[in-house]
Amino acid sequence: MTLSYTSVDELRMKLPASKKNLIFIGCLFMMLSLAAFGLSLSTIQQPLLNEMGQPVMFSLVTVLTSIAMCLMTPVGGRISDMIGGRQVILIFGMLTLVLSIVLGFCTSFIPFVIVRILCAMATGAFVSTPFLLVREIYENNQVPSRMGILTAALSAGSLIGSFGAGFFADHQMMFLAIVFPSIFLMIGIPLIYMNLPKLPTHSSKFDFLGFLLLSAALTTLFLALNYAGQLTFHNPLIWAGIISGIVFFVLFIFVEKKKETPLINMDLFSNKLFSLVLLIAFLSFCYLIAMNAYAPLAVQELMNGTAAESGSLQIPRAIITILLPGLVGTWVVKKQGRMWQALAIASILIFIPFLGMVFIGPNMPVWFVMVLLALNGIGDCFRSVSITPAAQAQLRPDQLGIGTSLLSFATSLASVFASSVYGLVYDGLSQATPGLQGQIEGLDTVFLIAAGTGLISFLLVVSVYRPWINKQREEQEKAHVEASAAK
């Protein structure tokens, strides 16, 4: 029989340590599955499309799956409020498990795209749930270290996903290359479901209108940007898509402000520091599509590398991001002022490596790409232990769940935006100049844009976030001294 508790505080106090550990292990396996699915499919996507006779559909499939995951991130947060994280893990975890197996049997383009999108939607629904569960079952002083371990699990999953998919693909075992990450779900789902007690949920109606408007906004806007490279901006369909997307976004904001239980709480944007952290997070995640999708593509198409070689690109990076977050987290929490420093380091280590990737070409050795991505991995360690605490520090206790989901939405939106922009650039330049030179120009520009997002993020951290957070800290210290004097 499943125990139930009346509040999160009671859960933290009364849940046995053994069950907490089992739930946490389950969360680790869920994070392993998320990363492994994403990297394995990115690694073998181009070979799969080549087999299906649709090699030019790479950017379209990438942007559609990014839209699907982005859309379901706030949906998953809202559904979690309605039925609880335990049920979200069971329902959407099982859906992902089934869909991943079905995907392995898809040998033609249309079924592959449909199932791929559904699989992305299912994973998007529970992508932030492990982070929320960790905050529910552990005391506040235990949360940062646990978050660091979750991040390390993501890195380990990326390593397993990319290398495993490359290995299976090179040995002509495409089915296993697609479905092997599902083994992590088979372990994680029962561990969480069987050990996490029931908690009170908030009965409310799901915001279907907001969901439809957000779906329409993301799809029309980002598909228009994705196809602008092929059709050019002179085509009226492109402008129709862009204008429609903007209109749907405006309608979505208007509707959400009127809802009692909106899909995305717009009131949070009135907090300028929280909004700034969201923007920094958005910029800090734009490089991921360039790394996960276009770096393997560059190795395969420009360097004539194998799927295993492209899959091994992130091995040094993954090792760093498994071992380093704990040490970085300890360094950050020792002194308050180090939060902005961690964000700045994370940003500059996006700019420098991807600026180096701009010079990618047939003569660049694969090991040099691995070194650049490993350098970026050091920055990712600083980002992983600082961006979520920086956002949560600006939220009231009752806003933590919604705010964390919104942070996940911002990072997912960054992937959609990056997919569309990178697709626009890569397709436009590679088709404008057919052959190897066009591919080089397209990929170089993709990596230059990724470097630019890191530079903008760095400037925002140093010139805006740092003075704002220092001023806030001074005001809080002054208020604390005045309160102590009054006593």
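Keep in mind the model is a prediction, meaning the values are calculated, not measured. Each residue takes its place number in the sequence, starting with 1.
- The shortest heavy-atom contact between V446 and V425 is N-CG1, 4.2 Å.
- Between Y426 and Y294, a ring centre-to-centre spacing shorter than 6.0 Å is recorded.
- Here the CZ atom belonging to F458 is positioned 9.5 Å from the CD1 atom belonging to I345, to the nearest 0.5 angstrom.
- Partners of R317 by salt bridge (Lys or Arg N to Asp or Glu O under 4.0 Å), not counting sequence neighbours, listed by chain and number: D380.
- Between L223 and L64, the closest side-chain pair of non-hydrogen atoms falls below 4.5 Å.
- Heavy-atom minimum distance, C381 versus I320: SG-O, 3.7 Å.
- In this structure, T129 and M30 have side chains that are not in contact, with every pair of non-hydrogen atoms separated by 4.5 Å or more.
- Here the side chains of M339 and I469 are not in contact, with every heavy-atom distance at 4.5 Å or above.
- Between Y287 and F354, the gap from one ring centroid to the other is short of 6.0 Å.
- Remark: the S457 side chain and the S347 side chain contain an N/O donor-acceptor pair separated by less than 3.5 Å.
- Across T219 and S215, no two heavy atoms sit closer than the pair OG1-O, 2.7 Å.
- Ring planes of F24 and Y138: perpendicular class, angle over 60° (limits at 30 and 60°).
- The shortest non-hydrogen separation linking M121 to A68 is CG-CB, 3.4 Å.
- You'll find the ring centres of F184 and F37 outside the 6.0 Å limit.
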(Q) Applying side chain to side chain contact (heavy atoms under 4.5 Å, CB included) to I253 and K257, what does each step give before you reach the verdict? (A) CA-CA 6 Å; I253 293 170; K257 286 183 176 180; 3.8 Å; yes
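- Heavy-atom neighbours of W239 CH2 from other residues, nucleotides or ligands within 6.0 Å: at or below the threshold of 12.
- The nearest pair of heavy atoms linking P74 to F409 is CD-CD1, 3.4 Å.
- Checking S412 against T73 by side-chain atom types alone, a donor-acceptor pair falls below 3.5 Å.
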Q.
For a side chain to side chain contact (heavy atoms under 4.5 Å, CB included) check, start with the C-alpha distance between F269 and L278, then their side-chain angles and the critical distance, and finish with the verdict.
A. CA-CA 9 Å; F269 291 104; L278 286 184; 3.8 Å; yes
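- I89 is not listed as a side-chain neighbour of Y193, based on a closest heavy-atom distance of 4.5 Å or more.
- Shortest non-hydrogen contact noted between V115 and L99 is CG1-O, 3.5 Å.
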